[in-house]
Amino acid sequence: VIDTLDTLWIMGLENEFLEGVAWVEQELDFAQPVSVSFFETVIRSLGGLLAAYELSNFKHPVLLEKAHDLAHRLSWAFNTTMGVPYGSINLVSHTGQNPTWTQRSSILSEIGSIQLEFTFLSFLTQDHFFAKRANAVYDLLDRLPKRYPGLCPIYVNPSTGQFTSNHITFGALGDSYYEYLLKLWVLTGKETEQYLRMFKEAMQGMAETLIQRSTPSGLAYVAE
């Protein structure tokens, strides 16, 4: 329901949209003792609520109220030594963890693709806590030494704040981090030059390091 509200509004299905809002108000309760994917819940549930609230001209405050509650529960994922969020978080106990298949490291595309939602929530609520926690991850990634300028490996240890892999990709596990850099620069009024610089450095690094030509056809592709 949550992730379709904005689509219902865009399609002009106002009655169905209002049914969805009523469900959010009457049935939706995030106080559930379950562990959820931090990244997926941010982009689909938190993002869905915020998008529906904005598109419907801010007329349904319950959407923002639920978003604020959810963000508070999700923000416990940042409770690591270096502020790098865990991959999953329990919405009641606030305990977080990373999967064993990443050797307990956090994933670049996840920790780098939650900044838009938290920043927009801070703008709407004037509670800057959310933007500070999310955007501090970009500050950390910006400071870390890199083998190739602008290009980040896909795994980061949340305790040390260091990369734990040399694997660089614009595919799965890396992709949306680079996308969000440019989008956050736009969202912040094109005033935070850090995000634009990081994006440009990444694009230059990709062009100089990852662009390859196939044999024998000579077609360009982005390697890993």
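Sorted by first and then second residue, the side chain to side chain donor-acceptor pair (under 3.5 Å) pairs involving residues 3-24 (not counting sequence neighbours) form an empty list. Within the structure, every pair that satisfies the side chain to side chain donor-acceptor pair (under 3.5 Å) test and touches residues 213-224, not counting sequence neighbours, is listed here: His167-Glu224, Thr169-Glu224, Ser214-Ser217. Listed by first and then second residue, the side chain to side chain donor-acceptor pair (under 3.5 Å) pairs that reach into residues 38-58 are Glu40-Arg44, sequence neighbours excluded. Within the structure, every pair that satisfies the side chain to side chain donor-acceptor pair (under 3.5 Å) test and touches residues 129-138, not counting sequence neighbours, is listed here: Gln115-Tyr138, Thr119-Asn135.
Under the salt bridge (charged side-chain N to carboxylate O under 4.0 Å, His left out) criterion, Arg197 pairs with Asp142, Glu201, sequence neighbours left out. The ring pair (Phe, Tyr, Trp, His ring centres under 6.0 Å) check on Tyr180 picks up nothing, with sequence neighbours excluded. When the side-chain hydrogen bond (donor to acceptor under 3.5 Å, both in side chains) test is applied to Asp175, no partner is found at least two apart in sequence or on another chain. Shown here are the side-chain hydrogen bond (donor to acceptor under 3.5 Å, both in side chains) partners of Ser159, two or more places apart in sequence or in another chain: there are none. Partners of Thr100 according to the side-chain hydrogen bond (donor to acceptor under 3.5 Å, both in side chains) rule, which considers only residues two or more places apart in sequence or in another chain, do not exist here. With sequence neighbours excluded, no residue forms a side-chain hydrogen bond (donor to acceptor under 3.5 Å, both in side chains) with His128. With sequence neighbours excluded, the residues satisfying ring pair (Phe, Tyr, Trp, His ring centres under 6.0 Å) with His60 are Phe17. Legend: residues meeting side chain to side chain contact (heavy atoms under 4.5 Å, CB included) with Met82, ordered by chain and number and at least two apart, are Val84, Leu140.
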